[in-house]
Every structure is written in C-alpha cells, then in structure tokens.
Participant: 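Before we start, here is the structure in question, set down as structure tokens.
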Amino acid sequence: MAGAGVLEVTDANFDQEVLKSEQPVLVDFWAAWCGPCKMIAPAVDNLAATYAGKLKVAKVNVDQNGATPSRYGIRGIPALLFFKGGKVADQIVGYVPQDVIEEKVQKLIAGTQAA
C-alpha cells in the first residue's frame, strides 16, 4: 500500500529506519481495513514525493506489526508520527487534509535546517 518514495517499515527494522535516520521521518500507522487510512494515503504519498531528500516517509501496518504501535501508544489509526533525532516531535491522529500534515512537515524540516 506504499507509494513511490514511501518505505514499508516493520517492528524488526523500525529502530534502524526511523529512530536512527539522519532525516526527519513521517511514520504513517495504518491497516488495510481502515477507510480513513486509505483516504490519507495519497496525501502521505504526495508528501514523500514533494519532500524527497529532506524527509523520510514510512508506513507501519499495525495488523502485521503490533510491537511498534503499542510502544508509541497508538490506539487509533490513521496515526501520523513525526520523528526527529529518534524522538517523536509531533503527531496527528485521524484523517486530516494534506495541508495540515504539510504544515507540520515544514515545521519539522525547518527545525532540522536550523540545527
């Protein structure tokens, strides 16, 4: 279900791909049965393309990977977590329009460049 530039992440490689990433990371927690997850997917894919090289975009299927969502207290999906320097910098739970997500992405990236 991941588009171009979007990485499928599992419990096994989450630390390596997300927490140890030098770039900020947007992680989309989703499931195949989740309608709002399908609605938000194109926005996530667009952001992956728009911010390629500045932002890593990953998806975690909560049905196949239970440890990571419980580690971050994910109770509702879709849930978007924004990671920076291995820590959660921001999050969105539920469906929101792409511009709301993009605003958070821009803040995340702006903070990276200033550091």
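Here, residue 1 is the first one in the sequence, and each next residue gets the next number.
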Participant: Is the number of heavy atoms from other residues, nucleotides or ligands under 6.0 Å of Arg75 CZ greater than 12?
Facilitator: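 No, CZ of Arg75 has 12 or fewer neighbouring heavy atoms, counting only those of other groups under 6.0 Å.
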Participant: Evaluate the side-chain proximity of Ser70 to Val62: yes if any heavy-atom separation is below 4.5 Å, no if none is.
Facilitator: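 Counting from C-beta outward, Val62 and Ser70 never come under 4.5 Å.
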Participant: Report yes if the side chains of Ile92 and Phe82 come closer than 4.5 Å at any heavy-atom pair, otherwise no.
Facilitator: yes
Participant: Which atom pair, heavy atoms only, marks the closest approach of Leu26 to Leu55?
Facilitator: N-CD1, 4.0 Å
Participant: Decide yes or no for Ile40 and Ile101: does some side-chain heavy atom of the first lie under 4.5 Å from some side-chain heavy atom of the second?
Facilitator: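 With C-beta onward as the side chain, the pair touches.
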Participant: Between Phe29 and Ile77, which heavy-atom pair has the shortest distance, and what is it?
Facilitator: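 Closest heavy-atom pair between Phe29 and Ile77: O-CG2, 3.5 Å.
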Participant: Search all heavy atoms of Ala41 against all heavy atoms of Lys59 and return the closest pair with its distance.
Facilitator: CB-NZ, 3.9 Å
Participant: Can you tell me if Gln106 has over 12 outside heavy atoms packed within less than 6.0 Å of its CD?
Facilitator: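 Atom CD in Gln106 is crowded, with more than 12 foreign heavy atoms closer than 6.0 Å.
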Participant: Lys56: which residues meet the side chain to side chain contact (heavy atoms under 4.5 Å, CB included) condition with it, sequence neighbours left out?
Facilitator: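 Side chain to side chain contact (heavy atoms under 4.5 Å, CB included) list for Lys56, sorted by chain: Leu7, Glu17, Ser21, Gln23, Val25.
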Participant: Would Leu81 end up clustered with Val93 when hydrophobic side chains under 4.5 Å apart are linked, directly or stepwise?
Facilitator: no
Participant: Atom OG1 in Thr50, atom CD in Gln98: separation rounded to 0.5 Å?
Facilitator: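 If I round to the nearest 0.5 Å, the distance is 6.5 Å.
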Participant: Hey, are the side chains of Trp30 and Lys38 touching, using non-hydrogen atoms and a 4.5 Å cut-off?
Facilitator: no
Participant: Are Val27 and Val9 side-chain neighbours, meaning at least one heavy-atom pair lies under 4.5 Å?
Facilitator: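 No, too far: nothing below the 4.5 Å cut-off.
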Participant: So, taking the atom named CG in Asn13 and the one named CD in Glu8, what distance separates them when rounded to the nearest 0.5 Å?
Facilitator: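 Separation between the atoms: 10.0 Å.
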Participant: State yes or no: do Val57 and Met39 share one hydrophobic cluster built from I, L, V, M, F, W and Y residues joined by side-chain heavy-atom distances below 4.5 Å, directly or via other members?
Facilitator: yes
Participant: Using side-chain heavy atoms (C-beta onward) and a distance below 4.5 Å, is Tyr95 in contact with Val100?
Facilitator: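 Of all side-chain heavy-atom pairs linking Val100 with Tyr95, none is under 4.5 Å.
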Participant: Which residues satisfy the ring-ring contact (aromatic ring centres under 6.0 Å, His included) test with Phe83, sequence neighbours excluded?
Facilitator: Phe14, Tyr72
Participant: Say you draw a straight line from OG1 of Thr68 to CG of Asn61; how long is it, rounded to the nearest 0.5 Å?
Facilitator: 11.5 Å
Participant: Determine whether a donor-acceptor pair (N or O, by modelled atom type, separation under 3.5 Å) exists between the side chain of Asn65 and the backbone of Thr10.
Facilitator: no
